[in-house]
Structures are given as structure tokens and as C-alpha cells.
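Proteins come first, then strands; the chains are lettered A, B, ... in the order of their sequence lines, and each starts at number 1. Since we're looking at a predicted model, the values are computed, not measured.
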2 protein chains.
Amino acid sequence: MIKVQSLISLLALGTSVFSYSSANAVSGTNTTHPVEFGFVLFPAFQALDVFGPLDALNMLSLNYSINLHLLSTTLDPVSTRIPSTLPANRANSNFSESIVPTATFDNPPENLDVLLVPGGFGTRASNEELAPQINFIRDTYPNLQYLITVCTGAWLAAKAGVLDNRNATSNKAAWAGREGLGNNTNWIPHARWVQDGNVWTSSGVSAGIDVTFAWLEAVFGNETATDVSVELEYSRHLNASEDPFADYWGL
Amino acid sequence: MIKVQSLISLLALGTSVFSYSSANAVSGTNTTHPVEFGFVLFPAFQALDVFGPLDALNMLSLNYSINLHLLSTTLDPVSTRIPSTLPANRANSNFSESIVPTATFDNPPENLDVLLVPGGFGTRASNEELAPQINFIRDTYPNLQYLITVCTGAWLAAKAGVLDNRNATSNKAAWAGREGLGNNTNWIPHARWVQDGNVWTSSGVSAGIDVTFAWLEAVFGNETATDVSVELEYSRHLNASEDPFADYWGL
């Protein structure tokens, strides 16, 4: 629990944060909760798919002792840049950002508890190009407590076999892209997010924030989810089946 | 304008993006619009303050030729990590992400059109520590078309003198932190965002997405703003003065 008083102490006064009392004990240190969080990266990932969930978890990390691992094929920065060979890059903009991985798929942290898979244009690369990511999801899933996908990250989870015989959702503008993916996967078009067992899948981009809050509430409790949403000044979408973008696309 | 049909071609079909016709001309190439976008970075910036607005602009960049400049004191990656000396880091988490700057304040791109200033714990650093950022804002503002601040990024703009004699808003949990900042600044507590001339300020974190969409609508038109919101599956907050977090904090 993040107490409101703690929030006030932390955030409301420009100077009080520097004198915050250690008498306000960190919550959760004596409870069992997920500790090791991994994010799967690939070229041309969608920035908000990563940083929406991540910033909610950044705030969680102030009150729970948790660790972040940003996973890629190498430790080189990973860019959102859409390859110039893709027509989506037709405006010839020079507009992308790169983030720094902390671990590789070949040498990952032990005992990941939660793995998050973002989407983006990069999920349209070939299965061969995405083999490191798909194989990592396949190999890691059996030991995870939770898998969360955002947007077309569900395609990678499906290719890894994780969505076999499950309910799932994905990006609505790119809904057709899920066709043929997953073995007996029940793709639910009208869903902001879908939980099936320990697998949480969300609709496109911003929906990743909502699935993260729903997951936070389920795992860390309503009070924590609410406190984090207040810290981010985020008005949560609380209804998993309310999906204006499924309506928009006539699904 | 991003046509809905273009969106379908781009996003709806897994393979069609590779055969997207060049007959779909890039919009805006013959119009005058802001081209050079800068983001001010500093240690312990708030991730979503940057990546919410940035991902809307990432989508804009697919249809308008625009360029991104991520500015810092050096070209070393900039981390969201809260200094261990701050009690906010009391959970001893290892949970932060680093992004790669593309330019320095000492050697910035010429002719920036738009500058975005995020907030975060890092805005609580001393004026001396933040002098490069504050001075850059002060020096750059007179030649900008637009300045946008998110969350406590408004504090830096105020310290740079940009908010003198203006209406502005900032993070609501940290509302007290604005006290004494700005010369005759009219701080508006009940606002998701505030526009005053070419200066747009927003409330905390997620409000940065809403001010970006409001700005997009004002500068690039309603159709573009709507299309980008559909691409991000983001339900916009359309009312600048509707602010549940001001209510939450009793402001």
C-alpha cells in the first residue's frame, strides 16, 4: 500500500521529499510478490507500449522492491525507428528514440517473474528476424508468474505458443494480423484487455496502460493500483470489455 | 491529414504495409508546419512525461516530415533513476530505463520549432544542477513556435522566465512546489492543461498526452489529432478544465 500521506510527503512539497522519514516503512517487503520484471525489446517497438506500463511500474518500484530487465539480442540501444524499407516511413522523418537494454536473450536474468511483450511495427518482421524474441518468450513462459502483452505483442506470444487454447486480444486497427496465429486461440475483438490464467493481453498501445493497472490491482491490490494511477494522473479504464476502438473499426 | 483508408492500409493488414502504394501521398509536405522538435532531458525525468507525447508525435512523423532532437548535457544515456540519496528511492529497487540523447545543450540543432519539457523527480534538483536545462529553455524560447511542458516541467519553464505573466498549470500532487515560481504567473489548479499564447502547460504525467493531442488539433487539425488517437487507441480528454486530480487533492 502506498499511503496517501506518503504520496503527499513524496510529491506535494518541493523540499519534503529530501527529508522523508524512514519511519514510513516500505510496504510489501515481507510479502511474496513478483520481483523480477522483464521487457522484450526489438527494433521498431512502439514506444508507448513499453513506457506506459513501465512508468506505472516505475512508481510501484518506489514502494515495492522490484527489478527491471530490458531484454534484447545485444546490449546496443534499441530504436523505435521504422526501417526505411517499410512504406510506413514514407514521410522521411528523422523521428525515433533509442533505449538501452540491460540484458540479452542469450544471457537473461534468472527467475523472471513477469514478462511484458510490447507491439509495434517491428512485430511485422519475419519469424526468422524475430526468432530470438519468440524463442525467449517460449522458453521463459513456463517459469513466469505472469505474461503481459500490449498491442501486437500478442502476435509474438501467439507465435511462441503461449496463446494456444486461450482467450486473447490485440491491436484493433491491425486486427487482421492475428489471423492464423495461435493454436485454437479465441481472439476476442471487443476487449480493452483479456485475462486468461496468468496471461494478460491488451488491445493497442494505450490499452497497455489499462491492462497494467488491472494486473496491478489483481496482484498488488486496489489501493496500490489507485495510488499509482493518482501519481500518474491517469484515469483508468476499468471495464475490460468496453472498447471504443473495436467499435471504430467495426469489429 | 491521415486518411482512415491510409490507416487501414498501414495497420490493418499484416502484409499490406509492405506493398503500401506511393500513390498515397504524404500529407503536409507543401504546408508550413513545425518541423524540428526538441525534448529537454535530465536525470530522473518521468518516463511517461516524455514517451506519452513522443509516441503521438512518432505517429505524426509517419505522415508529416518532422525531426526529433533529444537534448541533454552530454550524449550519454539519460536515466529515469531517482538518486539513491532521495528517500523516494527507499524501496531499493533496481528499476529504471535510459534513453539516448541525440544532441547537447551546448551544440543544439538550429531552428527548433517546438520544445517539450517533461517533469519528474529530477525537477527537484537544485537550480545549479538544472542550470543547463533552464538556460537552454530561456535561450531557445524566443525563437520557438511552441513550448509545451508536462507535469513539473512547468517548474523549469517558470525558472527560465517563460511563464512570467502567463496562465499555467502543473502536477497536482506536487502543486505546492510551484509556489514562488514565475513572475506574476497565474497558476491554475483546476486544469488538465492550459494554453497561453504559444505556451502549453499540462498537469501531471498522463496529462502530457492530452495536451499533446490538444496541441496537435490546434496546429495540425482535428482530423490528424483524431487519427493519431485512433492509432494509439487513446481516448482523449477533450475538456481542458476537467481535472479529477485537482478534485482528488482538494485544489
Side-chain angles (χ1 to χ4, degrees), chain A residues 7 10-14 17-18 20 22 26 37 46-48 51-52 54-55 57-58 61-68 70 77 80 86-100 124 171-177 203-207 230-235 237 244-245 248, chain B residues 7-8 10-14 17-18 20 22 26 46-48 51-52 54-55 57-58 61-68 70 77 80 86-100 124 171-177 203-207 230-235 237 244-245 248:
Chain A
L7 271 176
L10 264 174
L11 295 170
L13 300 172
V17 69
F18 295 101
Y20 186 84
S22 62
V26 170
F37 289 71
Q46 186 80 27
L48 193 56
F51 283 97
L54 203 38
D55 215 26
L57 298 173
N58 281 339
S61 79
L62 302 183
N63 284 280
Y64 287 86
S65 186
I66 57 177
N67 300 315
L68 175 64
L70 299 169
T80 62
L86 285 190
N89 199 16
R90 66 195 179 284
N92 291 316
S93 294
N94 185 3
F95 208 102
S96 61
E97 46 274 8
S98 294
I99 66 173
V100 184
R124 299 178 186 281
N171 180 295
K172 297 305 151 43
W175 190 241
S203 193
V205 198
S206 306
V230 168
E231 292 180 288
L232 297 186
E233 295 195 22
Y234 185 74
S235 296
H237 298 228
F245 299 98
Y248 181 92
Chain B
L7 272 176
I8 294 172
L10 264 175
L11 295 170
L13 301 171
V17 70
F18 295 101
Y20 187 82
S22 62
V26 170
Q46 185 79 29
L48 193 56
F51 284 98
L54 202 37
D55 215 26
L57 298 174
N58 281 339
S61 79
L62 302 183
N63 283 280
Y64 287 87
S65 186
I66 57 177
N67 301 314
L68 176 63
L70 298 168
T80 61
L86 285 191
N89 200 17
R90 66 198 180 283
N92 289 317
S93 293
N94 185 2
F95 208 102
S96 61
E97 46 275 9
S98 294
I99 66 173
V100 183
R124 299 178 185 282
N171 180 295
K172 297 306 150 47
W175 189 242
S203 194
V205 199
S206 306
V230 169
E231 293 181 287
L232 296 186
E233 295 195 21
Y234 185 74
S235 296
H237 298 228
F245 299 98
Y248 181 92

Excluding sequence neighbours, so at least two apart, what forms side-chain hydrogen bond (donor to acceptor under 3.5 Å, both in side chains) with A:Ser96? A:Arg81

Quick check: closest heavy atoms across B:Ala91 and A:Ser61, and the distance to 0.1 Å? CB-O, 3.4 Å

How are the rings of B:Phe95 and A:Phe37 set to each other: parallel, tilted or perpendicular (split at 30° and 60°)? perpendicular

Mind checking the CD-NE2 spacing from A:Glu233 to B:His237? Nearest 0.5 Å is all I need. 10.5 Å

Student check: side-chain heavy atoms of A:Gln46 and B:Leu232 closer than 4.5 Å: yes

So among A:Leu54, A:Ile99, A:Val100, which one has a side chain to side chain contact (heavy atoms under 4.5 Å, CB included) with B:Glu97? A:Leu54

Donor-acceptor contact present, side-chain A:Asn94 to main-chain B:Asn67, <3.5 Å: no

Between CG of B:Leu48 and CG of A:Asn58, what distance do you get to the nearest 0.5 Å? 9.5 Å

Can you see which heavy atom on A:Val205 is nearest to which on B:Glu231, and at what distance? CG2-O, 3.6 Å

Name the option with the most non-hydrogen atom pairs under 4.5 Å to chain A; the candidates are B:Ala207, B:Ser203, B:Pro244. B:Ser203

Check whether any side-chain heavy atom of B:Val230 lies under 4.5 Å from a side-chain heavy atom of A:Tyr248, and answer yes or no. yes

Let me know if B:Leu70 has heavy atoms under 4.5 Å from chain A in its side chain, its backbone, both or neither. side chain

With sequence neighbours excluded, residues passing ring pair (Phe, Tyr, Trp, His ring centres under 6.0 Å) with A:Phe245: none

Under a 4.5 Å heavy-atom cutoff, which of A:Ala47, A:Ser93, A:Ser98, A:Ser235 has the most pairs with chain B? A:Ser93

To the nearest 0.5 Å, how far apart are CG in B:Asn92 and OH in A:Tyr64? 15.5 Å

